[in-house]
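Everything on this sheet refers to the single structure shown next.
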Amino acid sequence: MEIPKQYDSRQSEQDHYARWEAEGCFKPEANRDPEAPVFSIAIPPPNVTGNLHLGHALQHTLMDILARHKRMSGYKTLWLPGTDHAGISTQLMVTRQLKGEGLTPQDLGREKFIERVWQWKREYGGVITNQMRREGASVDWSRERFTMDAGLSRAVREVFVRLYEAGFIYRGDRMVNWDTVAQTVLSDLEVEKKTQKGKLTYLRYPVTGSDGQEFIVVATTRPETMLGDTAVAVNADDERYKNLIGKTIDLPLTGRQVPIIADEYVDPTFGTGAVKITPAHDPNDYEIGERHNLPHIVIMDKHAHMTEAAGADFVGLDRFEAREKVITRFDELGLLEKNEDYEFAISLSERSKVPIEPLVMTQWFCRMDAMRDKALNLMRDEGLPRFTPENPYGKVYTEWLENLRDWTISRQLWWGHQIPAWFAEDGRVFVARTYEEAQAQAGTDKLTQDPDVLDTWFSSALWSFSTLGFPDDTEDLRTFHPTSVLVTARDIVFLWVSRMVMTSLEFLDEPPFRDVFITGTVLDKNGQRMSKTKGNGVDPLDVFDKYGVDATRLVLANAGATDTRWSDTQVESYRNFANKIWNAARFCLMNSEGATIGYDFVRHKNELTLHDRWCVTRLNKVAGQVNDSLSRYQFHEAVYALYHFFWDDFCDWYIELSKRDVSAPEDSPARREAVSRALSILEVALRLLHPFMPYITEDLWRRLPGTLDAGSTVLHPAYSDSQPTIMLTAFPVADKLLIDEAAESEMNTVIELISRVRTIRAELNIKPSEQLTVIVGAQDANLRQVISTNEASIKRLARASELKVDERLDAPRASARAVLGGGAEVAVPLEGLIDFEKERARLSREMEKLSGEAERGKAQLTNPNFAGRAPQEKVDELKAKVADTEQRIAGLKIMVEALG
RNA sequence: GCUCGCUUAACUCAGUGGUAGAGUGUCCGCUUCACACGCGGGAAGUCGUAGGUUCAAAUCCUACAGCGAGCACCA
């Protein structure tokens, strides 16, 4: 046979993906059953500038498992791929590229710049999608979407116009988060809080008319903003300041007098109980300013440089330089009370990592209250979307929605969806789907479009339906929406998940998905988040190269919703598993002449060996478990069940026991039958494994005899006119006719007997080549029957030349002994090898252990409370267990006596 | 500050109201005709601490400790 001894994952990863794609296996149209149920997933579109990381690989693996499982189960399955235009990061990236050529975006102008971004996208935008092919992702590439393509842009304009017309979208002046590096406004969700060590500076403000004798002291982390103060606020109930309310202070360095006002916001117990108010540069101060009609003095520009309003001494300074200078000046004036160390939370731009500057600006906003309420109702009335894991996501989702504020949707960028609003020369604004429509509305062609673009998440919020053809009423939209499940990372539950729910309810009157699965986070081996800055990231492609895609997928499937520390040893163990699968198949194939798959275990029920019946039972139970686990998104359960079925049941027992028949004479029917059965079980196992390990299963499946024959394939009926591929076979389900409980318990007896003998061998250091005599004593006739019937199996795996079975254990004194369940006893005569003392000690130790168990069991049984209150089933269970244990103890006692 | 999660064998993690499991590692023995990325056998855990509920708690409840996450933050 030309099959190599070791599985080469790279080889099989090369061969199959292109064919699957070319033959249309990923397309829902492959399913020809008009009645087929539908399963659809919209991919969380990765950032087009990005490279694949393990977080993507995790999400994609889980989605692919679900998609392949449903597809094989006969669902018309669509997994729709695509990428996101990622406004800020893409623009920054291309800007950086230009910088290398000594150019700025302004040098190019808007149009040329955007062209340049598209050029960049054409060149590098395919990186991540090609990496997805390597993962084996069964997405329908013919439906790939990009948030900036024509269809999605149209959906964005449509939604914007409708929301504007409904009064949800408005343009207005409000305090916003300004990113001084990216030069754009950001939404609240794009701002991250970080605790930072800094200074809390206490400034003395002289009360007007007190001749520098009376001060009010304020504390601040941003002393430079004092240049824009227009009030000092105190709490009306604060005795210390009550008499000052209504007076003014002389604001140092500015020559201004500003009022002392009373506001509830001020906490008298914190700091000095007096707060400087800078309405133009602080969100809280802004609110207070609104309440008291305070003037705004803008002392900082969009680059965080001081303006002329800050005074001649400060104009042009950076905010941090200004801070130092203010402190110095106060010190010089004797107005610096103190400057103490302080830890506080600072707002940083998620993207630029620089402190956010709160500024009052004219921006576009979206009112969220009405849409929010629909989403909250959906959760309250129908419990949708259903989050897995339920905690904490169901709760934080709801809480976040309840506290939702208006959404800043405009961005001062060039790359993105330009806002469909046009201004006339007189300042009037016209919102329309097209320029022509705006012209018609305005009655003039002297219109300028708003230069701003929309938040990238505005287009992402439409992703579940814009990708399917919205606003047109397409067949795809009718067929595949709502999608079945969303699989995504936890950091975008608010940013994306909640917004998709709101827009979908608003525009389609239905949720975008019923289920949301939130994946865990892949951490480094020390439990740290992987990040570029820390340099602790693991590149999935390296892992694929080293261990194979299939092995990597198993690690990720096993992680599921749980945070997981990445370790090579885990991938390695699954790489070994893949090799195990390879070699099990290799064994079957090496003997496959004249054999075929598709053995009918029901029809040949009476010809089967015990291990056949047992393995088929296990196989069907595992099929049931896998289906059940996947329906609950418990990926790790499915992986566990498959791993242990394949390795322990199929390889360690079934194949080992099949070897006797498989090594029968070449052309004997017994041999062909045995190999056909093994091949058939293997074939079903490969199908069960396929969603998890697509490459190795396809590779091996194609080598099995009979799989590629048009007449005898096991393709799912819905795909009967497709080319044979394991992808389109029927996913196995548990077949009651093939579950044989008696076979399981009989096989357990055989396994226990063999294991006991093996243990004796190992403990007494008997050479594997030594053939033993095994003597069994059992009162139970059925037990004797089972053992006799499987004599050949037992002899083979216990390496025994002789097996004697009788009602009583009749063995020479010089024997090693052990007890089995059901009152059976086993002895292995070992003349000259038995150290009677040691043997007695060994048996006594065993006896002690069992005695302890029996004692505890009996104590429980005699406890009237237990007998009275525990369910009968549990009582019976324990009774049986104690009886068996006592039987074993009795057996051991006799054995010790037999040693003399 | 609030909310949530985690704490089980040396390591990484499953798990369940009824006498503790896996993988890796470790120890012993193996060129057993698919596989040394393997085969057979073994050792190894007061299931974070303290209470409570229960016939029975590692599992449910309460408090505490440690770790982590999210949200909100007071100048």
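Atoms considered below: every heavy atom in the structure, side chains included; atoms not considered: hydrogens, waters and symmetry mates. Every chain is numbered from 1, with letters handed out A, B, ... down the list of sequences.
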Nearest to the side chain of [X], heavy atoms from C-beta on, is which of [options]?
{"X": "A:R586", "options": "B:C4, B:A34, B:A75", "answer": "B:A34"}
{"X": "A:R796", "options": "B:A34, B:C33, B:U19", "answer": "B:C33"}
{"X": "A:A870", "options": "B:G18, B:U19, B:C74", "answer": "B:G18"}
{"X": "A:P871", "options": "B:A34, B:G18, B:G23", "answer": "B:G18"}
{"X": "A:T562", "options": "B:C37, B:U19, B:C13", "answer": "B:C13"}
{"X": "A:Q860", "options": "B:C30, B:U19, B:G18", "answer": "B:G18"}
{"X": "A:K881", "options": "B:G70, B:U19, B:A75", "answer": "B:U19"}
{"X": "A:A762", "options": "B:G40, B:A75, B:U24", "answer": "B:G40"}
{"X": "A:H644", "options": "B:A75, B:C73, B:A22", "answer": "B:A22"}

Euclidean distance, atom [atom1] of residue [X] to atom [atom2] of [N] [Å, nearest integer]:
{"X": "A:N583", "N": "B:A36", "atom1": "CG", "atom2": "P", "result": "7 Å"}
{"X": "A:N576", "N": "B:G23", "atom1": "CG", "atom2": "C1'", "result": "11 Å"}
{"X": "A:I655", "N": "B:C39", "atom1": "CD1", "atom2": "C1'", "result": "13 Å"}
{"X": "A:F866", "N": "B:G18", "atom1": "CZ", "atom2": "C1'", "result": "7 Å"}
{"X": "A:W582", "N": "B:C37", "atom1": "CH2", "atom2": "P", "result": "17 Å"}
{"X": "A:I346", "N": "B:A72", "atom1": "CD1", "atom2": "P", "result": "16 Å"}
{"X": "A:R845", "N": "B:G42", "atom1": "CZ", "atom2": "C1'", "result": "11 Å"}
{"X": "A:Y643", "N": "B:U24", "atom1": "OH", "atom2": "C1'", "result": "9 Å"}

| message | For A:E752, is there an ion pair with A:R888 - N to carboxylate O distance below 4.0 angstrom? | response |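 Yes, A:R888 and A:E752 are salt-bridged.
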| field | Lys/Arg N to Asp/Glu carboxylate O, A:R565 vs A:D524, below 4.0 Å | value |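 Salt bridge absent between A:R565 and A:D524.
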Does a side-chain N or O from [X] land closer than 4.0 Å to OP1 or OP2 of [N], or not?
{"X": "A:H636", "N": "B:G15", "value": "yes"}
{"X": "A:R565", "N": "B:C13", "value": "yes"}
{"X": "A:K659", "N": "B:A34", "value": "yes"}
{"X": "A:T759", "N": "B:G40", "value": "no"}
{"X": "A:Y265", "N": "B:C74", "value": "yes"}
{"X": "A:Y342", "N": "B:A75", "value": "yes"}
{"X": "A:N579", "N": "B:G38", "value": "no"}
{"X": "A:N765", "N": "B:G29", "value": "no"}
{"X": "A:N284", "N": "B:C74", "value": "yes"}

If [N] has a Watson-Crick or G-U wobble mate with both distances under 3.5 Å, name it; if not, just say none.
{"N": "B:U24", "result": "B:A10"}
{"N": "B:A44", "result": "none"}
{"N": "B:A63", "result": "B:U49"}
{"N": "B:C2", "result": "B:G70"}
{"N": "B:C39", "result": "B:G29"}
{"N": "B:A75", "result": "none"}
{"N": "B:U19", "result": "none"}

Would you classify [X] as touching base, sugar-phosphate or nothing, given that sugar-phosphate means primed atoms plus P, OP1 and OP2, and contacts are heavy atoms under 4.0 Å?
{"X": "A:D652", "answer": "sugar-phosphate"}
{"X": "A:T221", "answer": "sugar-phosphate"}
{"X": "A:C588", "answer": "nothing"}
{"X": "A:V218", "answer": "nothing"}
{"X": "A:R799", "answer": "base"}

[atom1] atoms of [N] and [M], separation to the nearest Å:
{"N": "B:A36", "M": "B:G70", "atom1": "C1'", "answer": "48 Å"}
{"N": "B:C27", "M": "B:A43", "atom1": "P", "answer": "16 Å"}
{"N": "B:C13", "M": "B:G25", "atom1": "C1'", "answer": "14 Å"}
{"N": "B:C2", "M": "B:A44", "atom1": "C1'", "answer": "42 Å"}
{"N": "B:A14", "M": "B:A56", "atom1": "P", "answer": "30 Å"}
{"N": "B:C61", "M": "B:U7", "atom1": "P", "answer": "14 Å"}
{"N": "B:U12", "M": "B:G48", "atom1": "P", "answer": "15 Å"}
{"N": "B:G15", "M": "B:A9", "atom1": "P", "answer": "15 Å"}

I want to check something: taking the side chain as every heavy atom from C-beta on, are [X] and [Y] in contact at a cut-off of under 4.5 Å?
{"X": "A:Q570", "Y": "A:N558", "answer": "yes"}
{"X": "A:E340", "Y": "A:K199", "answer": "no"}
{"X": "A:I655", "Y": "A:F650", "answer": "yes"}

| request: Using the closest heavy atom to pick a nucleotide of RNA chain B for each, name whichever of A:W653 or A:Q570 lands nearer the 5' end. | output: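 The residue mapped nearer the 5' terminus is A:Q570.
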| query | When the nearest nucleotide of RNA chain B is assigned to A:Y640 and to A:W647 on a heavy-atom basis, which residue is associated with the more 5' position? | reply |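 Checking each residue's closest nucleotide, the 5'-ward one belongs to A:Y640.
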| Non-hydrogen atoms of A:E350 and A:L189 that approach each other most closely |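 For A:E350 and A:L189, the tightest heavy-atom pair comes out as OE2-O, 3.8 Å.
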| request: Identify the residue among A:L251, A:V275, A:I277, A:L294 that makes a side-chain contact (heavy atoms from CB on, under 4.5 Å) with A:D229. | output: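 When side-chain contact (heavy atoms from CB on, under 4.5 Å) is applied between A:D229 and each of A:L251, A:V275, A:I277, A:L294, only A:L251 qualifies.
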| field | Modelled atom types, side-chain donor and acceptor of A:N403 and A:E399, under 3.5 Å | value |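 The criterion, which ignores hydrogens and geometry beyond distance, is not satisfied for A:E399 and A:N403.
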| request: Just say parallel, tilted or perpendicular for the rings of A:Y574 and A:Y643, cut-offs at 30° and 60°. | output: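 Rings of A:Y574 and A:Y643: perpendicular, over 60°.
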Between [N] and [X], counting only base atoms on the nucleotide and side-chain atoms on the residue, is there a donor-acceptor pair under 3.5 Å?
{"X": "A:E656", "N": "B:A34", "result": "yes"}
{"X": "A:K580", "N": "B:C35", "result": "yes"}
{"X": "A:R575", "N": "B:C37", "result": "yes"}

| Is the NZ or CZ atom of A:K197 positioned over A:F344's six-membered ring, under 6.0 angstrom from the centre and within 45° of the axis? |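 Output no; distance or angle outside limits.
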